[in-house]
Participant: 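My structure is below; once you've seen it, I'll send some questions.
Hydrogens, waters and symmetry mates play no part in the numbers below; they use all other heavy atoms, side chains included. Here the structure is a predicted model, which means the values were calculated and not measured.
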Amino acid sequence: MAAVVNYADVEVGTELPSQSFSIQRINLVMYAGASGDFNVIHWNERIATAVGLPNVIAHGMLTMAEAARVVTDWLGDPGALVDYGVRMTRPVVVPDDDQGAIVEVSALVAEKLDNSLVRIDLTASSGGQTVLGRAQAVVRLP
Amino acid sequence: MALNPEFVGRTYPPSPPYVVGREKVREFANAIGDRNPAFHDVAAAQALGYSDVIAPPTFPFVLASQAMATAMFDPDLGLDYSRVVHGEQRFTYTRPVVAGDTLVTVATIDGIRSAAGNDLITVRADISTVDGDHVVTTYSTIVSRGTAEGS
């Protein structure tokens, strides 16, 4: 786990270590089971394409969860996250192959707020296209 | 079919108590591929001041979606579930969910609007302990594609 980040040490523009995540079909099956979201567009290619999608797509909440890790890995305590919101702007299409979809997430300190709070803006893309919009987290730093 | 605007402001009865299990938290963390010790290792979570492993930040959506289902499947609302996608999601935390918590969720329909031929419904879920202490509030915007009047 990363060393504890202190409020006094961060500045607007401080970048968090970026990460990339591979989402394969097995991850969608695992997420469906763990979350209880069994919407067929996340595991059934026949129905996904029938409703006009290019293929099976990842749960937006799975992408949101992966992106959060860039913030929680940076924090000493993942419970220091006090606010986290995203827009799901574009689906992450998950092909039936051994690589899956790659989601790349970067984040930086966007604003230092009062009371040791810091706003972090995140960027998430897959295949060169943004998949999350207005992705922001607020964290409390020691 | 457009959504029934009379649903705005409607609050649903509290969910049955949800007991947060340690193995459920680990299963969820594994499903999102997150090895953070605070989600898996009791001693690591206790070193951070928690009584047990804490749940990843998006875990509360599991509770919220269960509570929202009552509203979503109410035929009078007019939501066609096959056209639904998740548009926005936000969490505001008082504290993280901790294994061993017994939580109650209250869902409220905050808003219904139309934009670009889509119907959008925003549902708030207030998640608290059975003793009434707030833990987290979730805000979910569900988009019903191409169902707005005149589209």
Side-chain angles (χ1 to χ4, degrees), chain A residues 1-2 4 19 21-24 26-37 39-42 47 50-53 57 59-69 71-73 75-91 132-140, chain B residues 23-41 44-45 47-50 53-66 69 81-98 120 135-143 145-146:
Chain A
M1 199 183 295
V4 173
Q19 297 190 41
F21 306 98
S22 166
I23 300 180
Q24 300 181 27
I26 188 172
N27 304 113
L28 305 187
V29 173
M30 289 173 71
Y31 188 78
S35 69
D37 182 345
N39 190 326
V40 290
I41 60 174
H42 304 306
I47 294 178
V51 298
L53 295 165
I57 63 170
H59 304 75
M61 289 305 300
L62 175 57
T63 307
M64 185 179 187
E66 306 261 19
R69 204 189 316 168
V71 178
T72 53
D73 280 357
L75 294 166
D77 171 5
L81 186 64
V82 300
D83 197 295
Y84 179 41
V86 306
R87 280 184 162 188
M88 289 81 167
T89 50
R90 196 174 277 115
L132 297 179
R134 216 190 282 171
Q136 297 185 342
V138 176
V139 300
R140 178 171 286 113
Chain B
E23 298 304 338
K24 184 66 192 181
V25 167
R26 289 173 173 154
E27 179 194 12
F28 186 88
N30 284 332
I32 62 171
D34 199 325
R35 301 301 309 161
N36 193 310
F39 306 145
H40 296 273
D41 180 350
L48 294 170
Y50 303 107
V53 294
I54 63 172
T58 61
F59 179 78
F61 187 72
V62 174
L63 282 71
S65 61
Q66 289 177 5
Y81 202 69
S82 70
R83 291 175 168 275
V84 156
V85 294
H86 198 165
E88 296 180 37
Q89 181 62 39
R90 183 178 173 200
F91 300 88
T92 58
Y93 311 90
T94 295
R95 65 164 176 82
V97 170
V98 183
L120 292 85
V135 176
V136 55
T137 294
T138 77
Y139 302 86
S140 309
T141 299
I142 304 300
V143 180
R145 294 178 298 151

Participant: Taking atom CZ as the centre, does R140(A) end up with more than 12 heavy-atom neighbours from other residues, nucleotides or ligands that are less than 6.0 angstrom away?
Facilitator: no
Participant: Mind listing the closest non-hydrogen atom pair of M30(A) and A31(B) along with its distance?
Facilitator: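 Heavy-atom minimum between the residues: O-CB, 3.6 Å.
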Participant: If you define the side chain from C-beta out and look only at heavy atoms, does anything of L48(B) sit under 4.5 Å from P78(A)?
Facilitator: yes
Participant: Is R69(A) reaching over with its side chain to a backbone N or O of I32(B), donor-acceptor style, under 3.5 angstrom?
Facilitator: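 Side chain of R69(A) to backbone of I32(B): a pair is present.
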Participant: When only pairs under 4.5 Å are counted, which of F59(B), Y139(B), Y93(B) shares the most heavy-atom pairs with chain A?
Facilitator: Y93(B)
Participant: Are the side chains of T92(B) and V138(A) in contact, using a 4.5 Å heavy-atom criterion?
Facilitator: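 Side-chain contact under 4.5 Å: no.
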Participant: Nearest 0.5 Å, what's the NE2-CG distance between H86(B) and D37(A)?
Facilitator: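 These two atoms lie 9.5 Å from each other.
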Participant: Mind checking the CE-OG1 spacing from M61(A) to T58(B)? Nearest 0.5 Å is all I need.
Facilitator: 4.5 Å
Participant: At a heavy-atom distance under 4.5 Å, which candidate from G33(B), P56(B), A55(B), A29(B) has the highest pair count against chain A?
Facilitator: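 Counting heavy-atom pairs under 4.5 Å, the top option is G33(B).
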Participant: Output all residues satisfying side chain to side chain contact (heavy atoms under 4.5 Å, CB included) with S65(B), sequence neighbours left out; order by chain, then residue number.
Facilitator: F61(B)
Participant: Identify which part of L81(A) has an atom lying under 4.5 Å from any heavy atom of chain B, answering side chain, backbone, both or neither.
Facilitator: both
Participant: Could you tell me which non-hydrogen atom of I54(B) sits nearest to which non-hydrogen atom of G79(A), and how far apart they are?
Facilitator: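 Here I54(B) and G79(A) meet closest at CD1-N, 3.8 Å.
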Participant: Which atoms of R35(B) are under 4.5 Å from chain A, going by heavy atoms: the side chain, the backbone, both sets, or neither?
Facilitator: neither
Participant: Write out, in numerical order, the residues from residues 82-90 of chain A with a heavy atom short of 4.5 Å from a heavy atom in chain B.
Facilitator: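 If one takes a 4.5 Å heavy-atom cut-off, the residues of residues 82-90 of chain A near chain B are V82(A), D83(A), Y84(A), G85(A), V86(A), R87(A), M88(A).
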